[in-house]
A.B. asks: 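Got a structure here, written out as structure tokens. Questions coming.
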There are 2 protein chains.
Amino acid sequence: MSPKRGVAPLRRAEIVRATIRCLARDGYSGLTMKKVAREAGVSQGILHYYFADKRAILVAALETVTADLDQRVAAAQSREGRDPRARLLALIAACLRLAVEERAFWIVFVEFWGEMMHDRALREINAALYARTRRLIGAVVAQGVRSGVFRRTDVLRAAAVILGLVDGVSLQLTFDPTAFRVAEATRFCSDAVMRYLAREVS
Amino acid sequence: MSPKRGVAPLRRAEIVRATIRCLARDGYSGLTMKKVAREAGVSQGILHYYFADKRAILVAALETVTADLDQRVAAAQSREGRDPRARLLALIAACLRLAVEERAFWIVFVEFWGEMMHDRALREINAALYARTRRLIGAVVAQGVRSGVFRRTDVLRAAAVILGLVDGVSLQLTFDPTAFRVAEATRFCSDAVMRYLAREVS
DNA sequence: CGAAGATAATTGGTCGCCCAATCAAAAAAG
DNA sequence: CTTTTTTGATTGGGCGACCAATTATCTTCG
């Protein structure tokens with residue numbers, strides 16, 4: 001490795017990516033600076049050149065994973081144009097597929113949950129993501145309400161329900177892959193959400 | 001501490017309870033044998049007399065937490081007699097209250113999730129709990145279907161939806177207590193489940 | 001243009017700490 | 001006096017952090 005000027009931000013990002021790979025492979029409790037350095041193909045010392053300590057790397061890793069999840073979910077939903085129903089279904093499908101097909105990201109994310117319980121900084125990064133996601137889902141629901149395809153409801157609470165359902169089912173899918181298939185889970189989650197938002201038949 | 005004969009099982013249980021308290025206080029990554037011994041008021045050496053290694057203690061801890069959650073949920077639901085609606089609502093309320101009021105248990109449980117990703121034994125303990133809980137919820141739903149208060153549906157999938165919703169909302173409640181109050185969450189979750197299971201109005 | 005110094009990037013070794021696990025010996029109970 | 005239970009010191013190893021030395025790049029100025 002020959003030192004090049006001006007590549008600091010790239011190196012930083014590479015270290016973070018290596019960290020995420022390590023977390024996905026060996027878990028939170030198996031993460032060491034040595035392994036991260038090895039995975040990134042750099043020396044151990046350099047980790048402390050770019051990050052104050054191990055915790056700073058972990059914070060950066062959570063920020064990266066969080067931003068990535070955010071982007072993927074937003075993208076999946078926006079691809080579907082203006083139909084609120086289609087947007088919501090795409091969002092649900094994207095979340096569930098993520099948990100199975102992009103295992104690495106989802107695993108790392110779940111691993112952080114445990115640590116968040118004892119680390120305010122991590123907890124706040126996550127709380128911000130969830131607030132943003134609820135706002136996104138809420139906006140889609142609100143659009144559906146305005147255009148009359150969904151019933152009138154408190155959109156933020158509805159968003160909490162939908163997000164919770166997706167997370168909870170993703171967990172079940174992750175812990176026991178024999179319980180359901182992704183396609184199946186997508187179907188019954190979508191069905192549940194559509195029933196939940198369906199207009200009253202009066 | 002004076003050694004008494006025949007108290008082996010009690011000592012074991014005390015060590016496990018101390019472990020759970022430690023996990024709740026300092027988290028998974030902060031758990032050390034020294035801390036557990038101190039919390040249990042015994043010497044470090046004795047931990048290895050009752051358990052092969054640290055991992056065995058953790059497995060026992062997860063089994064205990066799991067059994068406890070199982071029991072609490074089952075109890076809350078069975079207290080409500082025969083009305084499927086009341087039983088289901090009691091179950092939902094119990095789960096959400098647990099996540100907030102019995103923080104220690106819920107925190108420890110979430111902490112294990114991360115480790116389960118890399119530990120088959122832990123994962124299987126959890127998978128068994130979830131399968132059991134789904135069966136329990138499924139049975140309540142089935143009863144409601146038979147007695148005509150719920151629509152006809154695949155009860156195991158409905159159970160996955162209900163359990164997922166409760167877990168997911170519990171998580172949101174834990175990570176960001178400012179987002180919702182427990183009572184509020186209980187209300188909108190119950191509402192969502194009742195809408196989900198409501199008979200079609202034809 | 002090109003040497004020389006300053007600066008940025010990188011290395012690998014070292015340090016002290018704390019960990020899980022082990023064990024010989026003691027203490028209590030049968 | 002044997003067996004079960006408990007102790008606390010020890011051991012070997014791996015950890016995160018630190019740092020002096022090295023290399024590469026940029027800047028300055030003769």
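Letters A, B, ... are given to chains in the order of the sequence lines, protein chains preceding strands, and every chain is numbered from 1.
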A.B. asks: Let me confirm one number: the OG1-CD distance from B:T186 to B:E184, rounded to the nearest 0.5 Å.
C.D. replies: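 B:T186 atom OG1 to B:E184 atom CD measures 9.5 Å (nearest 0.5 Å).
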
A.B. asks: B:Y50 side chain N/O closer than 4.0 Å to the phosphate oxygens (OP1, OP2) of D:dT6?
C.D. replies: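 B:Y50 to D:dT6 OP1/OP2: side-chain N or O found under 4.0 Å.
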
A.B. asks: Whole angstroms only, please: what is the CG-P distance between B:L10 and D:dT4?
C.D. replies: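 About 18 Å, once rounded to whole Å.
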
A.B. asks: Please state how far atom CD1 in B:I46 lies from atom P in C:dC23, giving the value in whole angstrom units.
C.D. replies: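 About 17 Å, once rounded to whole Å.
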
A.B. asks: For A:L47 and D:dC18, give me the distance from atom CG to atom C1', rounded to whole Å.
C.D. replies: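 Rounded to the whole Å, the gap is 13 Å.
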
A.B. asks: How many whole angstroms separate atom CZ of B:R12 from atom P of D:dT6?
C.D. replies: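 Going from CZ in B:R12 over to P in D:dT6 covers 13 Å.
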
A.B. asks: Which heavy atom of A:R134 sits nearest to which heavy atom of B:A179, and what is that distance?
C.D. replies: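 Of all heavy-atom pairs spanning A:R134 and B:A179, the closest is NH2-CB, 3.4 Å.
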
A.B. asks: From A:L96 CG over to A:F180 CZ, what is the distance, rounded to the nearest 0.5 angstrom?
C.D. replies: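 Nearest 0.5 Å value for the CG-CZ distance: 11.5 Å.
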
A.B. asks: How close or far is atom C1' of C:dA24 from atom OH of B:Y49, stated in whole angstroms?
C.D. replies: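 The answer, rounded to whole Å, is 15 Å.
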
A.B. asks: Does A:R11 make a side-chain N or O approach to OP1 or OP2 of C:dA8 shorter than 4.0 Å?
C.D. replies: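 The answer is no; no side-chain N or O of A:R11 sits under 4.0 Å from OP1 or OP2.
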
A.B. asks: Specify whether B:F175 and A:W113 have parallel, tilted or perpendicular ring planes, treating 30° as the upper limit for parallel and 60° as the lower limit for perpendicular.
C.D. replies: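 Tilted, since the angle between the ring planes falls between 30° and 60°.
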
A.B. asks: Please determine whether a side-chain nitrogen of the Lys or Arg among A:R103 and A:E111 lies less than 4.0 Å from a carboxylate oxygen of the Asp or Glu.
C.D. replies: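 A salt bridge is absent here (no side-chain N lies under 4.0 Å from a carboxylate O).
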
A.B. asks: What string of B, S and - do you get for nucleotides 11-16 of chain D 5' to 3' if you count protein non-hydrogen atoms under 4.0 Å?
C.D. replies: ----SS

A.B. asks: Could you state the interatomic distance from OH (B:Y49) to CZ (B:R11), rounded to the nearest 0.5 Å?
C.D. replies: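 Spacing of OH (B:Y49) from CZ (B:R11) equals 11.0 Å.
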
A.B. asks: Rounded to the nearest 0.5 Å, how far does NZ of B:K34 lie from CG of B:L47?
C.D. replies: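 Nearest 0.5 Å value for the CG-NZ distance: 12.5 Å.
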
A.B. asks: How long is the line joining CZ of B:R55 and C1' of C:dC19, in whole Å?
C.D. replies: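 Computing the B:R55:CZ to C:dC19:C1' distance gives 18 Å.
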
A.B. asks: So how far is it from A:Q77 CD to A:I137 CD1, rounded to the nearest 0.5 Å?
C.D. replies: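 One finds 9.5 Å between CD of A:Q77 and CD1 of A:I137.
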
A.B. asks: At what distance, to the nearest 0.5 angstrom, does CE of A:M117 lie from CH2 of B:W106?
C.D. replies: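 If I round to the nearest 0.5 Å, the distance is 7.5 Å.
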
A.B. asks: Five pairs at each end of the helix from C:dC1-D:dG30 to C:dG30-D:dC1: take the axis at both ends and give me the angle between them to 10°.
C.D. replies: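 Between the first-five-pair axis and the last-five-pair axis there is 10°.
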
